[in-house]
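Let me begin by presenting the structure, written as structure tokens, before commenting on it.
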Amino acid sequence: MGAALRLARAAGRRGEVPVGAVVVAGGRIAGRGRNRPIESSDPTAHAEILALRRAARQARNYRLSGATLYVTLEPCLMCLGAMVHARIGRLVYGAPDPKVGATAWLSGRRASGLNHRIEVKGGVRADECAALLKEFFRARR
């Protein structure tokens with residue numbers, strides 16, 4: 001999560017919502033991403049998507065079975081969909097996102113139609129992750 005937090009801080013310095021993500025496979029970081037939708041004029045340039053793309057490129061396979069994705073903010077539905085398609089084994093996130101966080105889709109009846117299950121652990125360094133977001137939005141108001 002420390003590497004994801006460093007990426008989130010870098011995103012914030014560039015005027016992006018401070019979210020960072022890393023994919024860990026085989027005990028090492030296989031992909032990194034920070035939010036870049038404004039910079040890249042791409043609404044899909046979320047930290048998670050960029051980290052997944054880089055990890056898949058490195059693996060030369062879009063399936064990242066058994067990998068863990070660490071992200072500073074609970075992922076949205078788009079990012080969760082990408083994780084399911086990539087066959088991520090585990091998701092670890094920091095701060096919950098009550099507005100667009102979508103991890104509830106991975107449990108219960110909602111997940112019954114999915115062809116892949118992801119282990120989810122939330123709240124890791126949540127205070128630190130949330131503080132980055134609060135500081136960013138306070139400065140913008």
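The analysis underlying the following values was restricted to heavy atoms, covering all of them including side chains, and did not include hydrogens, waters or symmetry mates. The model shown is predicted, which means the values in this text are computed figures rather than measured ones.
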Would you call [X] and [Y] a side-chain contact if the rule is heavy atoms closer than 4.5 Å?
X      : Y      : result
Leu133 : Pro18  : yes
Arg125 : Leu5   : yes
Leu77  : Val100 : no
Val23  : Leu52  : yes
Thr68  : Ile88  : no
Arg9   : Phe136 : no
Leu80  : Pro75  : yes
Tyr93  : Thr72  : no

Which value, rounded to the nearest 0.5 Å, describes the distance between [X] atom [atom1] and [Y] atom [atom2]?
X      : Y      : atom1 : atom2 : value
Leu73  : Asp97  : CG    : CG    : 4.5 Å
His116 : Ser65  : NE2   : OG    : 7.0 Å
Arg53  : Glu48  : CZ    : CD    : 11.5 Å
Ser41  : Arg36  : OG    : CZ    : 10.5 Å
Lys134 : Asp127 : NZ    : CG    : 7.5 Å
Arg34  : Arg13  : CZ    : CZ    : 9.0 Å

Val84 backbone acceptor or donor facing Arg87 side chain under 3.5 Å: yes
Could you tell me whether a side-chain N or O of Asn35 sits under 3.5 Å from a main-chain N or O of Val17, the two making a donor and an acceptor? yes
Charged N-O contact under 4.0 Å between Glu135 and Arg140: no
salt_bridge(Glu39, Arg14) N-O dist < 4.0 Å: yes
So which atom in [X] and which in [Y] form the shortest heavy-atom distance, rounded to 0.1 Å?
X      : Y      : value
Gly94  : Ala126 : O-CB, 3.6 Å
Leu132 : Ala8   : CD1-CB, 3.8 Å
Cys129 : Ala95  : CB-N, 3.8 Å
Leu69  : Ala21  : CD2-CB, 4.5 Å
Ala102 : Glu74  : N-OE2, 3.5 Å
Ile49  : Ala82  : CD1-CB, 3.5 Å

Decide whether [X] and [Y] are clustered together by the hydrophobic rule: side chain heavy atoms of Ile, Leu, Val, Met, Phe, Trp, Tyr closer than 4.5 Å, transitively.
X      : Y     : answer
Val92  : Leu7  : yes
Met1   : Val24 : yes
Val120 : Val71 : yes
Leu64  : Leu91 : yes
Val19  : Met83 : yes

Pair Thr44-Met78, side-chain contact (heavy atoms from CB on, under 4.5 Å): steps then yes or no: CA-CA 8 Å; Thr44 70; Met78 174 186 71; 3.9 Å; yes
